[in-house]
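Notes for the one structure printed next.
Quick caveat, the model's predicted, so the values are computed rather than measured.
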Amino acid sequence: MHPDTAAAPPPPDHIARIQADWARERPDVDVSPQGVIGRLHRLAGMLTEQLCVVYRRFGLSEGEFDVLAALRRAGEPFERAPGELAVHTMVTTGAMTKRIDRLERDGLVTRRRSAGDGRGRVVALTPAGRELIDRAFTEHMRNERRLLDALPPESAAQLEALLTTWLGHVEPPHRARVATDRASPTCRAAQMPGGSSRV
């Protein structure tokens, strides 16, 4: 390609502009971590908002999707104790109670005695709840695939390996044992106009 016709380099992105500002104002501080941390934070917010589009399509909040997914993953009879649900979705028991109340009102879960020991109280999927989460989860996975397909498969595999290693260094062991169907900021946080300025 002739030099005169070469494509111009892309303009600096939001994070690069912030880095340049700080490098000018505080040349004594190494701002290179912003290149990774800042982009991860910004990307997480944008991805979360894209995921929330699917949740809303099924009439669910992000937290309600999380509860239904945790129950569905449990397998037959699709039930967990409220405290166990709170651990799996990483919220307080008070917040979990509110989520369960809303889902029960909509006929998607029910509170009942455990099928295992008959003593403890559990939250269980109703047939309507199982049908809804099966449809929502299928669409959720299609949505995640669409978002990830912005990267070549080799790059996505490399990114997964890097993030797995990094998360292993950062995440406390007791949190690493807790599985959720989303690992991202909340929808509300993702809706901040223009992204975060915390980088």
Can Met96 and Val123 be said to form a side chain to side chain contact (heavy atoms under 4.5 Å, CB included), step by step?
CA-CA 11 Å; Met96 178 54 58; Val123 179; over 6 Å; no
Verify salt bridge (Lys or Arg N to Asp or Glu O under 4.0 Å) between Arg145 and Asp149, making sure each step is shown before the conclusion.
CA-CA 6 Å; Arg145 170 51 57 193; Asp149 280 348; 3.1 Å; yes
Could you tell me whether the side chain of Ile15 reaches within less than 4.5 Å of the side chain of Gln19, counting heavy atoms only?
yes
Measure the spacing between CE of Met141 and CZ of Arg146 and express it to the nearest 0.5 Å.
12.5 Å
Do Thr89 and Glu64 make a side-chain contact, defined as non-hydrogen atoms from C-beta onward lying under 4.5 Å apart?
no
How many angstroms lie between atom CD1 of Ile133 and atom CG of Leu68, to the nearest 0.5 angstrom?
5.0 Å
Membership question, hydrophobic clusters at under 4.5 Å side-chain separation (ILVMFWY): are Leu162 and Val36 in the same one?
no
To the nearest 0.5 angstrom, please state how far the CZ atom of Arg72 sits from the CD atom of Glu131.
11.5 Å
Taking side chain as C-beta onward, heavy atoms only, is Trp22 less than 4.5 Å from Val29?
no
Backbone of Leu108 reached by a side-chain donor or acceptor of Asp106 within 3.5 Å
no
Atom pair CD (Glu79) and CD (Glu84), whose distance is rounded to the nearest 0.5 Å:
9.5 Å
Grab the two heavy atoms, one from Gly129 and one from Leu125, that are nearest each other, plus how far apart they are.
C-CD2, 4.0 Å
If we only count heavy atoms from C-beta on, is the Arg99 to Arg102 side-chain gap below 4.5 Å?
yes
Pairwise distance CZ(Arg56) to CG(Leu51) - rounded to 0.5 angstrom:
10.5 Å
Please round to the nearest 0.5 Å and tell me the distance separating atom CG of Leu60 and atom CG of Leu103.
7.0 Å
Between Pro82 and Ile100, which heavy-atom pair has the shortest distance, and what is it?
CB-CD1, 4.4 Å
Work out which heavy atom in Ala128 is nearest to a heavy atom in Gly107; give both atom names and the distance.
CB-O, 3.9 Å
